[in-house]
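Structure record follows, encoded as structure tokens.
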Amino acid sequence: MTRVTSQRLRFQQPSLPAAAAIERYLAAARDERWFSNCGPCWRLLRDRLSEATGCESVPVANATLGLIVAIAALRPRGPRKARQALVPSFAFAASAQSAVWNGLEPVFVDIDPDHWHVAPDALERALAQRRGDVAIVIALSSFGTPPPPDVRRFWEDSCSAAGVPLLVDSAAGFGARAADGRPIGSQGDAEVVSFHAVKPLAAGEGGAVFTRDPDLAAEILSLTGFAFDERRSATRPNGINAKMPEHTAAIALASLDEYPDALAARRAAAAQILDELPEGFRPQLEHERGTWQFVPVSASSAEARADVLSAAGEAVELRTYYDPLHRMPAFAECERTDGLAVTTELSERMLSLPMAADFEPDEIAAIGMMLRAAVDRT
Ligand SMILES: Cc1ncc(COP(=O)(O)O)c(C=O)c1O
């Protein structure tokens with residue numbers, strides 16, 4: 001089946017496992033007549049996610065709720081009166097919104113121009129300048145690519161020296177490992193992934209919180225179910241409903257079965273697309289460790305990006321990445337730790353190329369043709 005000759009190549013082509021593959025898992029929930037609140041599919045998913053990462057895991061309704069409960073559980077471990085959350089502006093809205101839902105003020109930090117994650121020196125400066133005010137650091141595995149090990153270690157050491165918990169938002173990163181073998185899930189004090197329909201491991205909506213600390217995992221799990229104790233009495237005022245229902249867990253389990261092949265296919269397609277990049281366009285440092293929700297690249301200039309966007313025309317659907325958060329109306333008034341020069345400049349050059357786990361060869365060729373057409377124009 002070709003999907004490029006007659007219509008525009010879509011930016012993403014989400015798919016879910018076949019009904020029979022999902023039903024194979026959901027049957028257990030039907031047998032028990034138990035469709036939410038830690039049923040058999042949820043428990044199996046939790047165990048398989050833990051096995052894959054070597055960490056405790058808590059499947060949740062979506063990553064945004066996962067971030068919210070992780071911050072709620074981590075916050076008491078930070079400085080007592082602190083009210084700020086350090087977060088990159090080069091992020092997704094939920095990375096900062098989850099802090100606001102916890103009564104914290106996002107304060108933006110800059111990123112590194114090569115790996116596109118929080119810049120270690122910017123983080124260190126911010127923690128030193130704001131000692132006692134920072135309740136949590138929310139760093140990202142940008143685009144689901146794990147940060148280089150020395151960067152992760154620097155984040156972990158700086159946060160631990162400052163007595164501030166580190167939460168890593170790795171929404172697109174499930175299944176990735178850093179260059180030293182550390183899996184997504186094991187970074188920081190807690191880490192969150194998304195199983196949204198457009199994520200490489202998709203369940204429609206869904207996500208998981210990971211931590212290496214069993215007590216923290218128990219606290220996070222409790223928060224996802226109204227913080228009820230065994231007598232169904234709420235133990236914390238900020239308990240919420242963040243539970244993943246059984247049908248979502250069944251889809252996630254079926255997706256997990258297909259994931260090794262799907263991830264390998266995404267990585268192979270990404271390598272082919274990157275081979276076609278015009279001069280001056282660059283992928284993220286250590287991009288080969290990513291999971292390829294789409295293919296993010298930086299153009300040499302805003303003008304070079306505009307050339308590609310216009311060459312794509314009606315044939316290929318391209319995206320830029322979201323505006324940086326400090327340029328969104330919701331966060332325009334938030335403090336910044338410095339000028340956010342890298343974030344601002346890189347955002348104007350970011351280009352997102354299409355990806356699918358089941359690309360046809362002619363679809364990848366269409367992306368290459370479009371990129372070559374952009375170069376020919378200039
Ligand atoms: C970096 C990041 N964080 C959080 C989220 C929110 O995930 P969800 O849609 O599962 O709530 C996303 C979604 O794209 C994301 O990219």
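Along the sequence shown, the residues carry numbers beginning at 1. Just so it is clear, the structure is predicted and the values come from calculations on it, not from any experiment. As the structure lists them, so they are numbered: ligands from 1, and atoms in each ligand from 1.
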Out of [options], indicate the one that has the non-hydrogen atom closest to [atom].
atom: atom 13 (C) of ligand 1; options: Gln97, His196, Lys199; answer: Lys199
atom: atom 6 (C) of ligand 1; options: Asn62, Val198, Thr64; answer: Thr64
atom: atom 10 (O) of ligand 1; options: Ala96, Ser194, Ala61; answer: Ser194

*Ala126 and Val109: which non-hydrogen atoms are nearest, and at how many Å?*
CB-CG1, 3.9 Å

How far is [atom] from the closest protein heavy atom, and which atom is that?
atom: atom 5 (C) of ligand 1; answer: Phe92 CD2, 3.4 Å
atom: atom 3 (N) of ligand 1; answer: Asp169 OD2, 2.7 Å
atom: atom 15 (C) of ligand 1; answer: Ala171 CB, 3.4 Å
atom: atom 7 (O) of ligand 1; answer: Ala63 CB, 3.3 Å

*Run the contact test for Gly206 against ligand 1 with a 4.0 Å cut-off on heavy atoms, strictly below, and give the result.*
yes

*Under 3.5 Å, is there a donor-acceptor pair between the side chain of Ser194 and the main chain of Gly207?*
no

*asked:* Here's a test for you: under side chain to side chain contact (heavy atoms under 4.5 Å, CB included), which of Leu371, Ile273, Leu277, Val308 qualifies with Val297?
replied: Leu277

*Hey, could you give me the CG/CZ distance between Asn241 and Phe226, rounded to the nearest 0.5 Å?*
4.0 Å

_Atom pair OG/CE of Ser142 and Met350 - distance to nearest 0.5 Å_ = 9.0 Å

*Are Arg319 and Glu317 within salt-bridge range, i.e. N to O under 4.0 Å?*
yes

*Select one of side chain, backbone, both or neither to describe which atoms of Val192 lie under 4.0 Å from any atom of ligand 1, heavy atoms only.*
neither

*Ligand-residue contact atoms, ligand 1 with Leu140, heavy atoms, under 4.0 Å*: 1 (C)

*Could you tell me how the ring of Phe108 sits relative to the ring of Phe331: parallel (under 30°), tilted (30 to 60°) or perpendicular (over 60°)?*
perpendicular

